[in-house]
Amino acid sequence: MRACTLLVAIILSCVVPCLAGSRSVQKTLDQKEQQLEQLWAEYWRTQYAIDSGEQKDASVQPVRARINAVLLDDKFLRDLRNANFADPVLKRRRELFISDAVDARINGDADLVKLVESITKDESEMRYEIDSRKLTRAEINNILGHEPNRELREKAWKAQGQITAKTGKRIQQAMKMRLALARKYTAEPFTDFMLKRKGLERKELLNWFEEIRHETQPEYEDLLRRIQSGLKVDKVTPWDLEYFGSNLGHSEKAFEANKAWAQTQRIALDLGFNFTKLPVTVKITDITFGGATYPILFGREVRILVNKYEGLRFTDTLLHESGHALHYSFCREPSFLLCGDNPEPFDEGLGQVMALMLYRDDVLTKDFGLSSAAALEVQETYRLKSLYDLRGTMADSAFEFEAYENPDQDLVKLYANVQSRYLGVEVKDGSNWAYDPFYSSGPIYLQSYVVAEMVGRQIHAATTKRFGAKWDAKTGEYLRNNFFTRGGFYSVDEIMRRSTGESLTPRYLIQSLRPKPH
Ligand SMILES: [Zn+2]
């Protein structure tokens with residue numbers, strides 16, 4: 001009896017203080033997450049004000065410094081690492097907090113944030129000169145997508161290089177700073193550290209790129225032949241690709257920009273998602289990127305910002321952003337970090353779940369009033385456009401991985417080489433590499449758009465398997481419960497396995513790029 005009591009006393013002498021210690025660590029973690037929630041709300045409100053042009057000269061630097069101060073608390077980080085957590089939710093929150101702290105040391109570095117802000121400011125103020133006209137980014141993109149005059153398209157494509165002359169050197173400098181910071185604070189190279197945070201692994205990712213490229217090669221070559229004969233050109237050039245893919249012919253009328261938000265809301269309502277009852281606002285204006293959705297407060301305040309594009313592309317972008325907005329409105333996780341640190345390719349994939357709605361038979365015929373033949377034309381054009389778009393994104397992403405191997409190399413030459421390899425057309429001049437805004441402000445993000453296509457297609461396939469071709473509020477409920485409510489508790493692969501029964505795979509994406517059987 002005594003021995004037993006003694007034993008219990010010995011055990012208690014450790015367990016009780018350990019548990020008490022863990023409880024106090026948990027309490028601090030709760031408090032810190034609440035602080036982070038408020039600070040990130042301020043961060044996103046500021047970023048929104050800058051991006052939308054409401055407060056061009058605002059800065060996220062002060063609030064980022066306050067976020068860093070909450071994360072970079074050495075004593076707490078030590079206690080957190082040593083805390084004895086049994087609960088899987090607490091364990092996951094710890095993992096995310098520690099990863100965010102390392103990220104704060106790298107991407108939150110004050111000098112780096114300042115440099116990036118100076119670049120993005122120049123990007124948003126940039127006007128591209130063609131024949132003494134000064135054009136915005138949106139205008140350049142509209143020329144590339146819709147201008148029948150090939151010479152003008154060539155000028156627009158070449159004008160993209162003007163931004164590299166302005167920001168290229170500073171982007172290279174930012175790349176070098178990221179590499180140096182990663183060397184100092186992690187055991188892995190910057191690229192791998194970033195991929196890991198998103199639940200991705202470089203080798204597997206590049207295998208997916210190769211599988212997608214290889215498996216769709218016959219279709220892509222067919223597309224290049226069609227462009228050649230459709231545009232009556234000897235040789236397809238980079239400024240023909242986007243134009244051919246955006247030219248919808250007669251069906252384009254159905255996708256008017258001023259109706260796009262109403263149509264987006266109707267498509268969502270078919271699934272039982274009522275935007276008039278969600279905390280989401282939408283603003284359409286000139287910005288330096290396609291669109292963005294700001295998770296100011298999960299479930300309480302979400303803002304969409306979209307560039308002024310024309311035609312189908314605009315409706316597609318708006319639907320994609322509405323997918324993010326649903327995700328941020330519906331996220332149902334037990335703590336802020338579990339929503340805030342959702343896996344990026346999954347979040348982008350939910351954008352695609354909504355964007356892909358646009359190309360479904362019943363949506364094109366019922367919501368847009370197209371005939372079956374016109375619907376088929378839109379679907380086929382989208383398939384061809386995706387073949388090209390996907391290669392463009394894979395090229396930009398592969399270029400970025402290679403650029404980080406040595407940012408001092410000749411990036412103009414590297415960009416031309418990688419673009420030629422993926423696009424299958426000769427790109428002589430890569431001096432427009434900095435036109436892709438992700439290299440400055442969204443490092444190692446582009447691959448997530450490729451994975452998002454895989455996620456979107458896989459979710460659509462699983463949903464169709466379950467509900468057939470007609471989707472309604474019951475389908476929406478399934479999508480909401482299995483996907484839109486999920487944050488960062490599981491990895492993207494784990495979410496796919498649990499809800500579709502299969503690991504994340506490029507198979508459904510590849511299938512969708514094959515011609516539709518008649
Ligand atoms: Zn997105």
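Read the numbers this way: they start at 1 and go in the same order the structure lists the ligands and their atoms.
- Under a cutoff of 6.0 Å and an axis angle of 45°, Arg66 and Tyr43 do not form a cation-pi pair.
- Summary: OE1 is the N/O/S atom of Glu348 found nearest to the Zn ion (ligand 1).
- At a threshold of 2.8 Å, the Zn ion (ligand 1) has no backbone or side-chain N, O or S atom of Asp347 nearer than that distance.
- Here Phe368 contributes atom CZ and Phe255 contributes atom CZ; the two are 5.5 Å apart, rounded to the nearest 0.5 Å.
- Counting only residues at least two apart or in different chains, salt bridge (Lys or Arg N to Asp or Glu O under 4.0 Å) contacts with residues 50-63 comprise Glu54-Lys283, Asp57-Lys121.
- Residues meeting the side chain to side chain donor-acceptor pair (under 3.5 Å) test with Ser440, sequence neighbours left out: Glu123.
- The Zn ion (ligand 1) is the vertex of the angle joining NE2 of His324 and NE2 of His320, which measures 90° to the nearest 10°.
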